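Structure first, commentary second.
Letters A, B, ... are given to chains in the order of the sequence lines, protein chains preceding strands, and every chain is numbered from 1. For clarity, every value in this text was computed on a predicted model and none was experimentally measured.
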There are 2 protein chains.
Amino acid sequence: MNRQILVVEDEAPIREMITFVLEQNGFNAIEAEDYEQAKAKIVEPYPDLILLDWMLPGGTGVKLAKSLKQNEYTRSIPIIMLTARADEDDKVKGFDAGVDDYVTKPFSPKELIARIKAVIRRVSPTALEEAIEFHGMKLDPIAHRVSINDRSLDLGPTEFRLLHFFMTHTERVYSREQLLDNVWGTNVYVEDRTVDVHIRRLRKAITGEGHEDFIQTVRGSGYRFSGKLKTSA
Amino acid sequence: MNRQILVVEDEAPIREMITFVLEQNGFNAIEAEDYEQAKAKIVEPYPDLILLDWMLPGGTGVKLAKSLKQNEYTRSIPIIMLTARADEDDKVKGFDAGVDDYVTKPFSPKELIARIKAVIRRVSPTALEEAIEFHGMKLDPIAHRVSINDRSLDLGPTEFRLLHFFMTHTERVYSREQLLDNVWGTNVYVEDRTVDVHIRRLRKAITGEGHEDFIQTVRGSGYRFSGKLKTSA
DNA sequence: TGATGTGTGTAATATAAATGTCATAAAAAG
DNA sequence: CTTTTTATGACATTTATATTACACACATCA
């Protein structure tokens, strides 16, 4: 599954060149030419990385970076700043905004790709392989094991991925379509309702110690994985 | 509110099949069989998405895509290319023309619909909504949760939307019709009085800590959500 | 190769929740 | 005290979700 990279750059030729290079290298590029468009495209499923032009009109480049780093949900998206100046002050300002790396224009495609890969490598393996614990539930992606209070459970592959996704994305509602995108993959075409069935299977599997209540139905919206149990009705 | 999709495809059987699939899935299909027809049909109100055959006679498919992406008004209409070849060069050319996605013929109806939905989902801004707080009431659109002084409460979908609207539009009277427009959506046919009932339900749900008084009846006008409590009559 | 088991997606059915409308009570306005 | 407007509770209908059953695809192993 290709990584999605959002390219925020106002100059069309540069933006298209970058997009081209990205596509050539197996990335999936999304384009935005200004602050507004960028904001609009930073939605679920979030891009894996953002290439952000420093010199967006009105200095909105840094503004965007700051705003993303301040939001709980977008904070973890790595950002690489594109800048024409090699100015030290600018670098400082950029890193201050929480930017992950810098590329100075003009840059070679090779350099760009290398930096992107470096950042992704630095950021993502932890997220993907680290064992997670949540209210007595443990999930170890490497060993492919799940346990509740040290009693190990037996999940099918899909249920495992679903639980993994939930445990790494708690306290937030996901529509069936979003779950399909994130758990099944973007190019898989199954019915929305299939999600219900897998939710059911997962709930069944984690039933016993009340953990099934962590998977909450949000009527009309989707499902949420949460440690805050509903006030008993 | 069905999405309008323009199908540009010269082969009638394929075009009709696509149209059929679209209609089946709740979309509103418009057909065009060549460059000229397509151009003629891309007028206000613009279609929500265009399915464009790559191999239109005379290579006019890419031409059309480029022309649309160069025009300020049509640039934002997402385009999905239909192509018989899985050729890499073609993909690059297509993406270069700003196309949003690709579907390779032959494709399954399911795949087509899924891609359309994915593109629409990606393009239409679900906006990163921030949590709102108002006098101890918290509403988090992302988690889809409401709480009063950290005691979480559960609301039906309509009550949730209604409260969300109120919390983002405080200190102002809204007529029942305005509320219907904003919370239910325009072109929905329900009685004005239905609003009363939902107001009632919402009040009931937030009762307990005096917050129900925030929803104020303005006789003859409608309702207002306000932190300034009425002086006791 | 065939038998067996597992995992998946889909469709059918059951269950539950939410919605809109009405009838009636209560409250304000004049 | 009469009229107008809003509040409230009940109900039928509609809509959404839960659950079950089943068929098919794959892999494994005899």
>> Closest approach to the side chain of B/Glu159, judged atom by atom: which nucleotide of C/dT19, C/dT10, D/dT17 is it?
In response: C/dT19
> What parts of residues 160-168 of chain B reach DNA chain C, counting only heavy atoms under 4.0 Å away?
Replying inline: none
> Between B/Arg201 (CZ) and D/dT6 (P), how many Å, whole number?
Replying inline: 18 Å
> When the ring centroid of B/Phe225 is compared with that of B/His169, is the distance short of 6.0 Å?
Replying inline: no
> Choosing from D/dA18, C/dG9, D/dT6, which nucleotide comes nearest the side chain of A/Trp184?
Replying inline: C/dG9
>> Please pick, from C/dG20, C/dT10, D/dA18, the nucleotide with the shortest atom-to-atom distance to any side-chain atom of A/Thr194.
In response: C/dT10
> Within a strict 4.5 Å, meaning less than it, do heavy atoms of the A/Leu49 and A/Ile5 side chains meet?
Replying inline: yes
> Could you give the CD-to-C1' distance, from A/Glu191 to C/dA12, as a whole number of Å?
Replying inline: 14 Å
> Should we count CZ of A/Arg161 as having more than 12 external heavy atoms under 6.0 Å?
Replying inline: yes
> D/dA21 C1' sits how many Å from A/Arg193 CZ, rounded?
Replying inline: 18 Å
>> Using OP1 and OP2 only, check whether a side-chain N or O of A/Thr158 sits under 4.0 Å from C/dT8.
In response: yes
>> So for B/Arg219 and D/dT4, does any side-chain atom that can act as donor or acceptor lie under 3.5 Å from a complementary atom in the base?
In response: yes
>> Could you tell me how far apart A/Lys204 (NZ) and C/dT8 (P) are, to the nearest whole angstrom?
In response: 15 Å
> What about the rings of A/Phe214 and A/Phe134, do their centers lie closer together than 6.0 Å?
Replying inline: yes
> Any idea which of C/dT21, D/dA18, C/dT10 is nearest the A/Tyr223 side chain?
Replying inline: D/dA18
> Quick one: A/Arg224 CZ to D/dT17 C1', roughly how many Å, whole number?
Replying inline: 15 Å
> About how many Å separate NE2 of B/His198 and CG of B/Leu179, when rounded to the nearest 0.5 Å?
Replying inline: 11.5 Å
>> How many whole angstroms separate atom CD of A/Gln216 from atom P of C/dA17?
In response: 14 Å
> With a 4.0 Å cut-off on heavy atoms, is B/Arg203 in touch with a base, just the backbone sugar-phosphate, or nothing at all?
Replying inline: sugar-phosphate
> Does the separation of the ring centres of B/Tyr174 and B/Phe165 fall below 6.0 angstrom?
Replying inline: yes
> What is the distance, rounded to the nearest whole Å, between atom CG of B/Asp196 and atom C1' of C/dA25?
Replying inline: 14 Å
> Can you tell me if B/Arg172 and B/Gln178 form a side-chain donor-acceptor pair at under 3.5 Å?
Replying inline: no
> Roughly, in whole Å, what's the span from NE2 in B/His198 to C1' in C/dA18?
Replying inline: 8 Å
> Touch check for A/Arg176, heavy atoms < 4.0 angstrom, all strands: base, sugar-phosphate only, or nothing?
Replying inline: sugar-phosphate
> Are side-chain N/O atoms of B/Arg203 and B/Thr217 paired as donor and acceptor at under 3.5 Å?
Replying inline: yes
> Counting N and O atoms only, with roles assigned by atom type, does the side chain of A/Asp140 sit under 3.5 Å from a partner on the main chain of A/Ala131, one being a donor and the other an acceptor?
Replying inline: no
> Bend across the helix from C/dT1-D/dA30 to C/dG30-D/dC1, to 10°, with axes taken over 5 pairs at each end?
Replying inline: 20°
> If you look at every heavy atom in B/Ile30 and B/Lys41, which pair is closest and at what distance?
Replying inline: CG2-CD, 3.7 Å
